[in-house]
Amino acid sequence: TQLWLAFVQSGLNSRAVAASTLLPSLAALPLVIALVWRYQQLGAALSLVVAAVLGYVFAWLVARRTTADDAWHSAMNGHVDCQYLPYLAKFVAVSFPLLAMNLFVPFLARVFIVRDVGYQANGIYQAVLALSLQYMAIPLGAITTYSFPRISQLSRLGEINREVNAAFRLGLLATGAGALLMITFRDVLVAVLFSPAFLSGV
């Protein structure tokens with residue numbers, strides 16, 4: 001999915017970026033609720049797979065439709081140019097800490113859940129988490145749609161820093177407010193959207 005999104009973002013087409021990031025989340029959000037309502041815990045597990053497939057398909061379709069044929073062919077059949085490896089190394093160095101934290105924190109939470117309440121409760125937690133992740137993807141995707149083309153057009157470090165910081169502040173406000181609402185009303189949300197069997201996921 002990330003490969004296809006890289007194709008979309010390289011074109012700096014805001015509408016294409018929006019389509020590939022927002023549409024899967026908008027489609028998956030009601031789907032999670034419908035599958036859980038119909039199939040309970042099995043539906044929750046199925047929704048995780050369906051959401052991943054939706055993200056992949058949307059990203060591939062948008063990338064293929066918005067990437068010129070010659071650019072697509074060059075990328076699919078080209079070879080790695082060693083002169084760009086230092087830039088790739090810098091990109092990895094910047095991205096890795098965030099990716100590690102993104103993977104480590106949920107993993108640590110699962111370790112404690114399994115230790116304290118067992119594997120079944122961990123599965124329920126992941127199902128409930130899927131709903132939160134689909135919600136979070138909507139404001140974050142909207143911010144990225146605006147900020148990525150904007151930042152890509154800038155060349156001065158000061159301007160880039162200002163835009164990045166503005167995007168971070170907006171992202172923290174949007175996701176922070178959403179997280180606060182979900183934590184405050186977690187019992188009500190789970191009771192309305194899921195069945196009582198999912199309350200251990202709170």
Side-chain angles (χ1 to χ4, degrees), residues 1-29 48 51-52 54-68 71-72 74-75 78 80-110 126 129-184:
T1 305
Q2 293 304 315
L3 173 65
W4 309 132
L5 287 177
F7 274 102
V8 176
Q9 290 171 338
S10 67
L12 301 182
N13 183 332
S14 294
R15 292 183 65 183
V17 175
S20 58
T21 55
L22 293 177
L23 289 177
S25 294
L26 290 170
L29 194 57
L48 294 172
L54 272 177
Y56 181 89
V57 170
F58 270 94
W60 186 90
L61 285 173
V62 174
R64 192 64 191 94
R65 288 171 62 90
T66 57
T67 305
W72 184 273
S74 297
V80 176
D81 191 334
C82 293
Q83 68 173 326
Y84 294 110
L85 287 178
Y87 298 104
L88 182 62
K90 288 180 181 179
F91 177 76
V92 171
V94 170
S95 303
F96 183 76
L98 187 62
L99 178 63
M101 187 178 71
N102 193 35
L103 293 172
F104 177 73
V105 173
F107 177 78
L108 193 63
R110 291 175 189 129
Q126 287 187 242
L129 181 66
L131 185 71
S132 302
L133 291 176
Q134 294 304 331
Y135 160 77
M136 291 295 189
I138 293 171
L140 285 176
I143 293 165
T144 304
T145 299
Y146 161 77
S147 63
F148 188 87
R150 170 72 181 146
I151 292 168
S152 298
Q153 292 167 4
L154 301 175
S155 57
R156 294 182 180 177
L157 188 60
E159 293 178 338
I160 294 171
N161 283 336
R162 269 197 305 276
E163 284 293 332
V164 169
N165 288 330
F168 267 120
R169 282 195 294 271
L170 191 56
L172 285 171
L173 283 170
T175 56
L180 183 62
L181 283 170
M182 284 187 279
I183 291 168
T184 305

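Atoms considered below: every heavy atom in the structure, side chains included; atoms not considered: hydrogens, waters and symmetry mates. For clarity, every value in this text was computed on a predicted model and none was experimentally measured.
- In terms of the salt bridge (charged side-chain N to carboxylate O under 4.0 Å, His left out) criterion, Arg110 has no residue partners (sequence neighbours excluded).
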Check the pair Leu85, Leu88 against side-chain contact (heavy atoms from CB on, under 4.5 Å), reporting the backbone distance first and the verdict last. CA-CA 5 Å; Leu85 287 178; Leu88 182 62; 4.2 Å; yes
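- Listed by chain and number, the residues in a side-chain contact (heavy atoms from CB on, under 4.5 Å) with Phe96 are Ala100 (sequence neighbours excluded).
- In terms of heavy atoms, Leu54 sits closest to Ala27 at CD1-CB, 4.1 Å.
- Applying the side-chain hydrogen bond (donor to acceptor under 3.5 Å, both in side chains) rule to pairs touching residues 162-175 yields Arg150-Glu163, sequence neighbours excluded.
- The side-chain contact (heavy atoms from CB on, under 4.5 Å) check on Leu103 picks up Leu99, with sequence neighbours excluded.
- For the side-chain contact (heavy atoms from CB on, under 4.5 Å) test, residues two or more places apart in sequence or in another chain that qualify with Tyr56 are Thr1, Trp4.
- Residues Gly55 and Pro24 come closest through the heavy atom pair CA-CB, 3.8 Å.
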